[in-house]
4 protein chains.
Amino acid sequence: MGAVKSKRMPRAVREQQMMDAAVRTFGQRGYRAASMDEIAELAGVSKPLVYLYLNSKEDLFSACIRREAQSLLEAVRAGVDPELPADAQLWAGLRAFFVHTAENPDAWSVLHRQARSHGEPFVSEVGCMRDEIVAFVTGLIGAAAREAHSDPALADRDVAGLAQALVGAAESLAGWANDTPDVSAREAAATLMNFAWAGLENLMHARPWTPPAA
Amino acid sequence: MGAVKSKRMPRAVREQQMMDAAVRTFGQRGYRAASMDEIAELAGVSKPLVYLYLNSKEDLFSACIRREAQSLLEAVRAGVDPELPADAQLWAGLRAFFVHTAENPDAWSVLHRQARSHGEPFVSEVGCMRDEIVAFVTGLIGAAAREAHSDPALADRDVAGLAQALVGAAESLAGWANDTPDVSAREAAATLMNFAWAGLENLMHARPWTPPAA
Amino acid sequence: MGAVKSKRMPRAVREQQMMDAAVRTFGQRGYRAASMDEIAELAGVSKPLVYLYLNSKEDLFSACIRREAQSLLEAVRAGVDPELPADAQLWAGLRAFFVHTAENPDAWSVLHRQARSHGEPFVSEVGCMRDEIVAFVTGLIGAAAREAHSDPALADRDVAGLAQALVGAAESLAGWANDTPDVSAREAAATLMNFAWAGLENLMHARPWTPPAA
Amino acid sequence: MGAVKSKRMPRAVREQQMMDAAVRTFGQRGYRAASMDEIAELAGVSKPLVYLYLNSKEDLFSACIRREAQSLLEAVRAGVDPELPADAQLWAGLRAFFVHTAENPDAWSVLHRQARSHGEPFVSEVGCMRDEIVAFVTGLIGAAAREAHSDPALADRDVAGLAQALVGAAESLAGWANDTPDVSAREAAATLMNFAWAGLENLMHARPWTPPAA
DNA sequence: AATGAATGAGGTTTCATTCAT
DNA sequence: AATGAATGAAACCTCATTCAT
């Protein structure tokens, strides 16, 4: 099943193999339901080696979260060209995001579903990554507003709200796209972009929707 | 702690007590980490009684999912007045949704986080509820389009995508509102409405954002 | 092997059976080498029941220490008649002590050997019992000195030193008597009494041995 | 931490380093709780080297027992001058004993506590040393009796009992002195000498304590 | 209607020990 | 002379589940 069982690998390589197996197992079974036995077997090593290198189930899970969070962040960053206009950057970033989550569904499950359902060491860990993404998006939205000479200038609070909603919707759509056949990354990105860009424009041109008198 | 320990309750009441305890425990600990011991203790009954009434941990979890899904659906339906215009209906539905998730955070955790991370019997169960909500929202969007004499008519596929994105964003915001202090249900609803309505209007007036040449 | 395997005993009885098995196992194998599996089997129950009733290996060991320390103390106290003269009381106490340690060699091993080699929760626990015994002996020696109208009065510090040496020697002899065939409790007691009483008399008559000029 | 990590030492030296580390670890943690990992690390070598030189944990422990037993015996022997009178020899031997055990508490813990709590290969090993010490003391007591023209001659059996009690008391006091702050080796030796010499004199002058009619 | 007593199965973790270089 | 890589076996502990009343 797992990787070809080749013996006596250098530590760094084995560690990556173990984390690959761990991400797959955690992503599919969840943190609690995943067993170290299964992870070790999938990695093609014995359980004690997993403990020798990665210390404990908790540490292993944390390591996975950090590795995959880094990987996702880098994928998004690598996908955008900072020379382009803001809407093109956002579009590129969303595509990169959905492509990455589609290509690494277990990693996405670890980051989005499992890490958030299992309490404190982990929630913070993904929280950091999410904050970085939100900051990135916030920057893009701000830049877009300036490019459009938005008048009156978009309030910071509105920008933040938009960014939160956008990232939230993206997270949710990623899960949906993964779980639903025949939804391509590009399609998910386009749907969201449509949604998001419209909201942006309306806000920038001071045409917000207002609640009826409560 | 749990309910006052009074003996000899009719079955229906006891069952509800057990499910209350179960929802709380599942919501906070997760499906795997929750133990039948803890649930029984919190419910103020012995473990065999839980098994007598609810059969197994899996059945108990399913029962919780169904009960809470129903409860959420009813809350949303009860919140909207079908006589109002579509945007007012949407606004009311969102508020009802966010109020309910804020008032029942454990139930929301069960539906949104725990049920979706634990494989097949459960994922389908929440899937049904979600489909009903999506259908409901789809209906609203369609109605809104007709009210606006949208021309050309909004494609069904676009409506579906929008509804998905809207529901996804709502789900995401519900978690965010629950986890973040000082975010009221009303605020979450307004943020999302702003976001959503703008996208809707743009689409209905045929001003979609189009991707640059791929 | 173990107790007859009779099912559905009341909790208190089962607990005693488990502790009997535990004392035997801990006494013979040592704290670390004893396995909960072995204890459970010897007690004729399954391992989970041991954990249900006694919580953890550490708690089980502590419980054994406390029970056996109590038992030994009571045996010694029951053995002496406070109406008798001090030397007779000492003699009776020693006999009771050696009889008890001979009849419960595993318990004595737990108290004297195992508990003292395994760090802090346990060392204090036996320390308490030992202190009670030392106090008891100190009282007897003081009484003996007064009965003999010791002149000059025996210094408190000397009494304490004697009591420590006496108890230490008794502890040591108990192990020796248990490990050596053909040494009766009575014989051990007589040897020690001989040894101790002589020291007492010399001290009481102010004939201490003095080191040569260092 | 452990020895400075210098490579390519001759085997004999490395072996001593390992045994130093082993004695320290066994003495503090106990036989079972000590891990070969810890010993190897403390010795500044890799685990396979420990196995290459010392074969197994059991062999390593045995080797420690033998080395430390020898060391203690030699210390005691070196402390006494056979030209002196018997009481001076006893006094010197006790001092040497207590000094050695105080200076090597881990070694003493190995010999007195750990070796005796872990079954057969080890118990015999320390038993040998103990027998040598008892024989040595027996000789001294006999000599003292002869010097004193003890009349009637002290029965061999009494001498043996006394020697056992003396050695037992010494062992016990050694532990007590190590565990109790502010008890010097000299003080422990004096306490015991006082105790012992009095008993000896009484016996030699045929003034034994006799139990009341049993 | 309800429970005290009990367990099979499986989880994480540690450890003495060996292999190949 | 020395070690990095690796493991079989067994330890402690937990949990869903049932039996007998």
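The structure displayed is predicted, hence computed values, not measured ones. Letters go in sequence order (proteins before strands), and every chain restarts at 1.
Across the helix from dA2(E)-dT21(F) to dT21(E)-dA2(F), the helix axis at one end is tilted relative to the axis at the other end by 30° (nearest 10 degrees, each axis from five pairs).
T25(B) contributes a side-chain N or O that, together with a main-chain N or O of A21(B), makes up a donor-acceptor pair within less than 3.5 Å. A distance-only check finds a donor-acceptor pair linking the side chain of S56(D) to the backbone of D59(D) [under 3.5 Å].
Nucleic acid contact for R11(C): sugar-phosphate only, since backbone atoms but no base atoms lie under 4.0 Å from a heavy atom of the residue. At the heavy-atom level, A34(A) lies under 4.0 Å from the strands shown only through sugar-phosphate atoms.
Distance from the side chain of M9(B) is smallest for dA2(E) among the nucleotides dT17(E), dG11(E), dA2(E). Distance from the side chain of Y53(A) is smallest to dA5(F) among dA2(E), dG11(E), dA5(F).
A straight line from CG of L49(B) to P of dC19(F) spans 17 Å, rounded to a whole angstrom. Between I39(B) atom CD1 and dA16(F) atom C1' there is a gap of 11 Å when expressed in whole angstrom units. Look at CE on M36(B): it is 17 Å from P on dG4(E), rounded to the nearest Å. D59(A) has its CG atom 11 Å from the P atom of dT14(E), to the nearest Å. Regarding R29(A), its CZ atom lies at a distance of 14 Å from the C1' atom of dG11(E), rounded to whole Å. Note: CG (L52(B)) to P (dT17(F)) measures 14 Å, nearest angstrom. Atom CZ of R32(C) and atom P of dC12(F) are 9 Å apart (whole Å). dT13(E) atom C1' lies 11 Å from atom CG of D37(A), rounded to whole Å.
Side-chain to base pairing of K47(A) with dT7(F): no donor and acceptor N or O lie closer than 3.5 Å to each other. At a cut-off of 3.5 angstrom, counting only N and O atoms as typed in the model, there is no donor on one side facing an acceptor on the other between the side-chain of K57(D) and the base of dT17(E). With hydrogens and angles ignored, no donor-acceptor pair closer than 3.5 Å exists between the side chain of R8(C) and the base of dA20(F).
By the 4.0 Å N-to-carboxylate-O rule, E38(A) lies close enough to R29(A) to be salt-bridged with it. Between D20(D) and R67(D) a salt bridge is recorded (basic side-chain N to carboxylate O distance below 4.0 Å).
Within a 6.0 Å sphere centred on CZ of R116(C), heavy atoms belonging to other residues, nucleotides or ligands number more than 12. The number of heavy-atom neighbours closer than 6.0 Å to CZ of R113(D), taken from other residues, nucleotides and ligands shown, is above 12.
In this model, the phosphate group of dT7(F) is not approached by any side-chain N or O of Y51(A) to a distance below 4.0 Å at OP1 or OP2. Regarding contacts with the backbone of dA2(E), a side-chain N or O of R14(B) is found under 4.0 angstrom from either OP1 or OP2.
Take the nearest nucleotide of DNA chain F for S46(A) and for P10(D): the residue whose nucleotide is more 5' is P10(D). Comparing P48(C) and P48(A), the nucleotide of DNA chain E nearest to each residue sits closer to the 5' end for P48(C). Judged by closest nucleotide on DNA chain E, A12(C) is the one of A12(C) and N55(A) placed further toward the 5' end.
Taking all atoms of both residues into account, the shortest heavy-atom contact from A107(D) to E68(D) is CB-OE1, 3.4 Å.
Ring planes of F61(B) and Y31(B): parallel class, angle under 30° (limits at 30 and 60°).
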